[in-house]
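Report on the following structure.
Only heavy atoms go into these numbers, but all of them, side chains included; no hydrogens, no water, no symmetry mates. Because the structure is a prediction, the values reported are computed rather than measured.
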2 protein chains.
Amino acid sequence: MTGRVALGIDGTRTIQEGRARDGCGREGNDACLQCNLGDLAFCHGLPEGELRGLMSIQGCVRTTPQDTLFNEGDRATYLYSPLSGAVKIYKLMADGRRQITGFFFRGDLFGFSPNGLHGYTAEAVTAGSLCRFPAAKMELLYPDSPVLAREVLRRSMIKLAHFHEHTLLLGRKSAPEKLASFLLTLSQRAVERGDSASPVLIPMGRSDVADYLGLTIETVSRTLTKFKASGLLELPNPSTVALRDPAALRRIADGGI
Amino acid sequence: MTGRVALGIDGTRTIQEGRARDGCGREGNDACLQCNLGDLAFCHGLPEGELRGLMSIQGCVRTTPQDTLFNEGDRATYLYSPLSGAVKIYKLMADGRRQITGFFFRGDLFGFSPNGLHGYTAEAVTAGSLCRFPAAKMELLYPDSPVLAREVLRRSMIKLAHFHEHTLLLGRKSAPEKLASFLLTLSQRAVERGDSASPVLIPMGRSDVADYLGLTIETVSRTLTKFKASGLLELPNPSTVALRDPAALRRIADGGI
DNA sequence: TCCTTCTATTGATCCAAATCAAAAACAGAC
DNA sequence: GTCTGTTTTTGATTTGGATCAATAGAAGGA
């Protein structure tokens, strides 16, 4: 654990500040030179000058599970890009209903805000570390960093495309279709990060999966059990899924009879 | 009606090309000088030089209801900004289930794509006209048009914020909560465009509303009838809603008991 | 080791919204 | 005006997933 933390009124930890150590890379100066994201990084391939600008404002935080990175309504101070671990973002209703609107892994980028305030809460799913950039300083870079600006726009368009897909899932798919879609997406994103397609790690608990898919934990559990019984997958433990018949899962995900 | 159209295999019209006439403004050169969007336009407030670049690639199309602007999977040739009328975008499943992922009105901007292909179909809800810009030429403008690039990024972040909100609606809200949210959002967007907050025009049919909210037309109709019976609103005709108690609708929308 | 706590699974019952079905309202066309 | 097709509303019934409830695993601590 690194960085000072404070306990919120509900006892959850909130990151105050992070000092870079070991795996997190050093801050500023040469931090980016030690980054191990490779071409996953949104800053990969930036021209020398643009990278220097980014590097000069780069910072780093580490998380342990359930750390809060920021709350809905907070000033949108930073953009984040996980180096390791997983983060979830969610919105809450007054009575406690929760909708998780995204999971972020190694190489992803999040924290965008159109109005200077975060519209959702961000919380660590696992231990990990995140590269971060002051949003205000980032904005100042864009006019002289066309490649960076273009990549940030591209990332936000990718996220928009994800939302279109997820909106279809939430509005029109059945529970089995939702779960099949979710598992395949997790698997595909793992591949994009260079991890294996098939024993897929599900770093989040059932309740996170349920709140992401608009279901309850019971329905998530029952549906996975049914998939297992049909030979579509194996569950050596609750957080590991071996996809035994990805093609069949694909058909289910797409609503193919 | 303007522009050449072709009939698709299903008999729906598809816009091939649009030539500007009357209300649509002329193409190129001075087209933007005749634009009546004012500060609603994403290009409002651009410096002289940036505006000239945009104007040189600007075009215009007119629509009649149900015209298809583009289909899911089409090359993402243009960005669109409605001058009048309304447009819906949606995704379809193989068995015909449909999820509308957005409605666009005067001043909005849509057609973004991260990969050169549209991830959804766009179809006119009403007659109207749209300003449009070749996406490829638009991209070429960004490096030398920092204000434009920044505004396009801001628009895409606004859209992301809408999606976070809509994801909560689809995943966790009840039918009355969905309808109340929808009506209030329509009303608020009308105000932003300079229209009245209360008799709100609902330009789309019940089936579009249902497919946007993840409901059926019967549930939409029943819920509106119940709102009417509770004195929350009046429905002089199916496409006009007078909000009689917006505060109560707000409480319902937010899940307040 | 056992105990406690948390998470996941399984079972029984219920209900909000879907589906099936019909009537009513509306918009054009003539 | 009437006729025709479409959209909206209302009614009856069904059902997928939620809720309520209990059990079974895992993980951590003493």
Members of residues 205-217 of chain A that approach DNA chain C, where some heavy atom sits under 4.0 Å away: A:Gly205, A:Arg206
Below 4.0 angstrom from OP1 or OP2 of D:dG17, is there any side-chain N or O of A:Thr219? no
Stacked cation flag B:Arg193 on B:Phe105, 6.0 angstrom / 45 deg: yes
Return the angle between end axes of the helix from C:dT1-D:dA30 to C:dC30-D:dG1, with five pairs used per end and rounding to 10°. 40°
Side-chain contact, heavy-atom cut-off 4.5 Å: A:Thr167 with B:Tyr120? no
Whole-Å distance, B:Arg222 CZ to D:dA12 P, equals 10 Å
Side-chain donor/acceptor of A:Thr185 to backbone N/O of A:Ser181, under 3.5 Å: yes
Just by modelled atom types, is the A:Gly256 backbone N or O under 3.5 Å from a matching donor or acceptor in the A:Asp254 side chain? no
Given 3.5 Å as the limit, does a donor-acceptor pair link the side chain of B:Ser187 with the main chain of B:Ser198, or not? no
Taking only residues at least two apart or on different chains, which pairs with a member in residues 224-237 of chain B satisfy side-chain hydrogen bond (donor to acceptor under 3.5 Å, both in side chains)? B:Glu234-B:Arg244, B:Asn237-B:Ser239, B:Asn237-B:Thr240
Within the side chain of B:Ser84, is there an N or O that forms a donor-acceptor pair under 3.5 Å with the backbone of B:Gly128? no
Quick check against the 3.5 Å criterion: does B:Gln99 have a side-chain atom that pairs as donor or acceptor with the backbone of B:Asp211? yes
5' to 3' contact window, DNA chain C with chain B (heavy-atom distance under 4.0 Å): C:dA17 to C:dC20
Are side-chain heavy atoms of B:Glu165 and B:His162 found at a separation under 4.5 Å? no
Output field: ring centroids B:Tyr212/B:His166 closer than 6.0 Å: yes
Would you say the side-chain atoms of B:Thr223 pair up with the backbone N or O of B:Pro176, donor to acceptor, closer than 3.5 Å? no
Does the pair A:Asp195 and A:Arg106 meet the rule for a salt bridge (Lys or Arg N to Asp or Glu O under 4.0 Å), with working shown? CA-CA 11 Å; A:Asp195 295 338; A:Arg106 186 175 156 68; over 6 Å; no
The correct set of residues in residues 226-243 of chain B placing a heavy atom under 4.0 Å from DNA chain C is none
Quickly work out the B:Glu218 CD to D:dT9 P distance and round it to whole Å. 11 Å
State whether the side chain of B:Lys91 and the backbone N or O of A:Leu168 hold a donor-acceptor pair below 3.5 Å, judged by distance alone. no
Between A:Arg250 (side chain only) and A:Leu184 (backbone N and O only), is there a donor and an acceptor less than 3.5 Å apart? no
Flag the pair B:Glu72 / B:Tyr90 as yes when at least one side-chain heavy-atom distance between them is below 4.5 Å, and no otherwise. no
Contact check, residues 171-183 of chain A vs DNA chain C, heavy-atom distance under 4.0 Å, returns none
